Amino acid sequence: FVAKLTFREMCVVLREQRGWRQAHDFFSWMKLQLCYEPSVVAYTILLRAYGNASKIELAEEAFLEMLEAGVEPDAVACGTLLCVYARRGRHGDMMLFYAATRRRGVAPPVSAFNFMLSSLQKHRLHGKVIHLWKHMMEMEEANNVVPNHFTYTVVIGSFVKAGLLEEAMDVLGKMRASRLVPEEATYSCLISLSSRHGRGEQVVMLYEEMRAHGIVPSNYTCASLLALYDKSEDYSKALSLFSEMERSRVVIDEVIYGILIRIYGKIGLYDDAQRTFEEIVSAGLLSDEQTYVAMAQVHMNARNYDKALQVLGLMRSRNVKPSKFSYGALLRCHVAREDIAAAEDVFRALCKYGLPDVFCCNDLLRLYVKLGQLEKASAFILKMRKEDIQLDEALCMTVMEVCCKSGMITDADKILKEMNNGGVTMKSSTMVSIIEMYARNRTSVMQEQDSSSKALACQTDSSALNATLKSLLDTPGGSSIACQLIRKLAREGRTCEAKFLHEQLTQLGVKPEDSATSTLIVQYGQEQKLHQAEELFESASTSFPIRGPVYNAMVDALCKCGNIGEAYHLFMKMADQGHSRDVVTISILVTHLTKHGKFQEVENIMHGCFHGEVELDTVAYNTFIKSMLESVSKQANYTQLSTYMIA
């Protein structure tokens with residue numbers, strides 16, 4: 001009976017062999033039959049049998065034998081050997097053989113591609129998955145290699161694992177175009193990655209699309225959405241999603257409960273947060289450190305620091321291993337309670353896990369500053385510098401504050417230089433605060449009489465401060481912000497600091513705004529510091545062309561310091577040069593001239609204002625009239641009175 005089998009029937013028998021040995025023996029017998037002809041079909045069946053048994057060496061020998069027999073391997077045969085390599089994780093050999101098939105113009109079937117993609121992904125070789133996917137796209141039209149549902153699922157997963165959101169969404173678009181509906185796991189990983197990238201609208205779109213297909217979200221998907229709503233402070237949507245989860249009977253795990261507790265705490269629903277926490281305890285779900293910390297943070301937000309400590313104590317009593325995360329929460333709690341000893345103990349425990357983060361360092365340092373422990377704060381800063389802790393913006397602000405208060409100017413300079421050289425981006429408000437602290441410290445030390453203190457003050461005029469000021473000037477509107485600081489300091493009576501910053505701007509070749517210069521001059525006048533006002537006016541006129549507001553401010557300062565004659569001459573000089581005359585300055589000058597009986601000068605000013613078409617307000621007119629009436633009472637020349645009254 002066996003001797004009567006046709007070649008096709010022998011191939012059927014070969015395919016049905018259960019073990020690789022039987023297949024090997026039967027194929028050896030086949031080759032002895034008269035009807036046998038070398039065929040790719042028979043070799044492909046044998047390759048599959050060897051592959052199922054993971055006999056890679058035999059499969060390779062069979063493939064070489066096929067080539068020696070003059071049989072050209074087709075796509076199925078090549079795909080079968082590729083699957084053999086993929087099954088055993090021989091990815092190097094697999095990719096070499098795949099490259100050889102490409103050179104021969106053979107395109108493996110989709111099933112072989114899927115096998116290779118899946119094997120690569122299981123071994124976390126996502127880069128090679130993406131590389132292979134690009135080859136598939138090149139072959140799609142030419143060789144009819146059409147990706148199926150499994151292909152899209154694997155490829156999207158690898159793009160997500162590689163953090164390539166845009167590319168993953170492009171593949172999803174191709175999947176939609178093929179009218180294939182993604183699985184929940186595919187939507188879930190895309191939602192999670194979109195959430196991490198802050199793509200809130202895309203997350204909602206993916207979730208709504210998934211629900212439109214009738215797919216029930218997993219608790220992992222819901223947790224990603226809740227975390228996004230929590231981060232974006234969209235708490236109403238978070239609570240709505242939680243209600244939807246209960247209706248859909250989604251299993252709510254501890255992660256979701258923890259997010260819910262955080263949200264309740266942020267919107268002030270402390271009782272609901274406590275009730276949820278108690279439900280987790282009762283259900284026996286409480287095991288994650290983050291859940292304890294979330295509840296402790298809720299109590300801290302409500303200023304119930306003792307309850308927060310109780311929750312963290314409960315965590316330790318249940319043998320939940322603490323990490324830097326929970327130690328950080330414990331530190332914040334002790335800092336809020338202003339318990340230095342306990343905070344220092346926690347910080348020492350935190351250091352056992354490596355370098356503490358900048359937030360913990362800043363918390364402890366702020367506590368030292370708040371309680372006036374500048375010696376401890378200074379020692380702590382030196383320790384941070386020794387351990388090379390990289391400062392962020394907030395910690396840098398605190399460190400600079402301590403350095404300036406403690407007289408650690410050299411350290412402040414070094415730290416600021418490191419921040420500038422390290423490319424740390426600081427907000428304009430932070431740079432302004434640092435510059436203000438520098439200016440305050442410099443002027444306070446300069447007021448000391450001994451030469452050593454003055455030498456120390458000179459250190460603040462450093463390249464570090466200039467670099468910070470330059471960084472501020474490089475930001476949009478930085479010059480205006482610096483001038484705003486000068487005006488603020490001047491109005492607060494801190495003229496030394498304002499002058500220091502004014503000089504720094506000038507040295508950097510930046511013209512301070514007229515409003516900053518004029519405000520400082522006016523403040524000098526109020527403080528009867530005419531010499532300083534004149535110095536600033538002279539310096540401003542030497543460095544840059546000055547305009548009307550600065551002239552007006554100097555006239556005002558001269559008047560307030562009793563130098564009326566010089567004020568008048570400066571005002572007339574300003575008018576001759578065509579600068580704008582401020583009506584307030586005019587009123588002030590006329591009032592002072594009147595008090596000193598200088599009515600001719602008043603008449604000259606009035607004449608100049610009317611012929612110069614200066615826009616006067618009611619106060620200025622009233623001042624003129626009052627001056628002329630005063631001149632009448634003192635029997636002065638009042639021939640112009642009626643003319644100006646009519647005017």
Side-chain angles (χ1 to χ4, degrees), residues 258 261-262 265-266 270 273-274 277 288-408 411-412 415 418-419 424 430 433-434 437:
I261 288 171
R262 276 206 311 271
K266 289 180 179 179
Y270 303 119
Q274 182 65 40
F277 185 75
D288 190 353
E289 172 194 33
Q290 295 193 19
T291 310
Y292 288 100
V293 174
M295 190 64 231
Q297 189 63 54
V298 170
H299 287 311
M300 281 192 275
N301 291 343
R303 300 184 182 279
N304 294 326
Y305 304 117
D306 291 335
K307 286 188 176 180
L309 289 175
Q310 288 176 8
V311 172
L312 295 173
L314 176 64
M315 183 186 77
R316 289 195 300 273
S317 67
R318 294 195 169 197
N319 296 322
V320 176
K321 188 177 180 181
S323 68
K324 295 176 72 172
F325 180 65
S326 57
Y327 274 122
L330 188 59
L331 177 65
R332 289 194 298 274
C333 192
H334 287 309
V335 167
R337 295 174 75 244
E338 299 183 1
D339 188 341
I340 286 186
E344 288 176 336
D345 288 340
V346 173
F347 193 84
R348 279 191 289 270
L350 192 58
C351 290
K352 295 178 181 177
Y353 291 86
L355 288 177
D357 61 36
V358 291
F359 304 106
C360 293
C361 292
N362 196 36
D363 287 336
L364 185 58
L365 192 57
R366 293 299 308 173
L367 178 61
Y368 287 145
V369 174
K370 186 176 182 181
L371 299 182
Q373 300 285 337
L374 291 182
E375 289 186 7
K376 285 190 173 184
S378 301
F380 185 56
I381 290 172
L382 294 176
K383 182 181 177 182
M384 284 195 298
R385 288 183 56 72
K386 184 178 179 181
E387 295 180 352
D388 198 25
I389 293 177
Q390 300 298 315
L391 308 185
D392 70 344
E393 188 175 356
L395 182 55
C396 178
M397 269 296 302
T398 310
V399 168
M400 297 303 297
E401 182 180 349
V402 173
C403 289
C404 290
K405 286 183 177 179
S406 306
M408 300 166 60
D411 291 283
I415 292 168
E418 290 170 4
M419 293 286 288
V424 177
T430 303
S433 299
I434 291 174
M437 282 191 291

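Every value quoted in this text rests on a predicted model; they were computed, and no experiment measured them.
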Student: Please enumerate all residues that pass side chain to side chain contact (heavy atoms under 4.5 Å, CB included) together with Ala308, with sequence neighbours excluded.
Tutor: Ala296, His299, Met300, Cys333

Student: Looking at every heavy atom in both Val335 and Ala343, which two are closest together, and how far apart are they?
Tutor: CG2-CB, 4.4 Å

Student: Shortest non-hydrogen contact from Gly258 to Thr291?
Tutor: CA-CG2, 4.4 Å

Student: Shortest non-hydrogen contact from Leu350 to Pro356?
Tutor: CD2-CB, 4.2 Å

Student: Pairs in or reaching into residues 296-307: which pass salt bridge (charged side-chain N to carboxylate O under 4.0 Å, His left out), with residues at least two apart or in two chains?
Tutor: Asp306-Arg337

Student: State which residues pass side chain to side chain donor-acceptor pair (under 3.5 Å) with Asn362; sequence neighbours excluded, sorted by chain then number.
Tutor: Thr398

Student: Could you report the tightest heavy-atom contact between Ala273 and Met295, atom names first, then the distance?
Tutor: O-SD, 3.7 Å

Student: ring-ring contact (aromatic ring centres under 6.0 Å, His included) with Tyr305: which residues, sequence neighbours excluded?
Tutor: none

Student: Pairs in or reaching into residues 359-372: which pass salt bridge (charged side-chain N to carboxylate O under 4.0 Å, His left out), with residues at least two apart or in two chains?
Tutor: Glu338-Lys370, Arg366-Glu401

Student: With rounding to the nearest 0.5 angstrom, report the CG to SG distance, Leu355 to Cys360.
Tutor: 12.0 Å

Student: Go through the structure and list residues passing side chain to side chain donor-acceptor pair (under 3.5 Å) with Gln297, not counting sequence neighbours.
Tutor: Asn301, Arg332

Student: Rounded to the nearest 0.5 Å, how far apart are NE2 of His334 and CG of Leu309?
Tutor: 5.0 Å

Student: Can you tell me which residue pairs pass the ring-ring contact (aromatic ring centres under 6.0 Å, His included) test with a partner in residues 358-384, sequence neighbours excluded?
Tutor: Phe347-Phe380

Student: Can you list everything that forms a salt bridge (Lys or Arg N to Asp or Glu O under 4.0 Å) with Lys376? Sequence neighbours excluded, please.
Tutor: Glu344

Student: Who are the side chain to side chain contact (heavy atoms under 4.5 Å, CB included) partners of Glu289, not counting sequence neighbours?
Tutor: Val293, Met315, Val320, Ser323, Phe325, Ser326

Student: List for me each residue that meets ring-ring contact (aromatic ring centres under 6.0 Å, His included) alongside Tyr353, sequence neighbours excluded, and say none if there are none.
Tutor: Tyr327

Student: For the residue pair Tyr270 and Val298, what are the closest heavy atoms and their distance?
Tutor: CD2-CG1, 3.5 Å

Student: Please identify each residue that fulfils side chain to side chain donor-acceptor pair (under 3.5 Å) with Asp345, with sequence neighbours left out.
Tutor: Arg348

Student: Salt bridge (Lys or Arg N to Asp or Glu O under 4.0 Å) with Lys266: which residues, sequence neighbours excluded?
Tutor: Asp230

Student: Nearest 0.5 Å, please: how far is CG in Leu331 from CG in Asp339?
Tutor: 11.0 Å

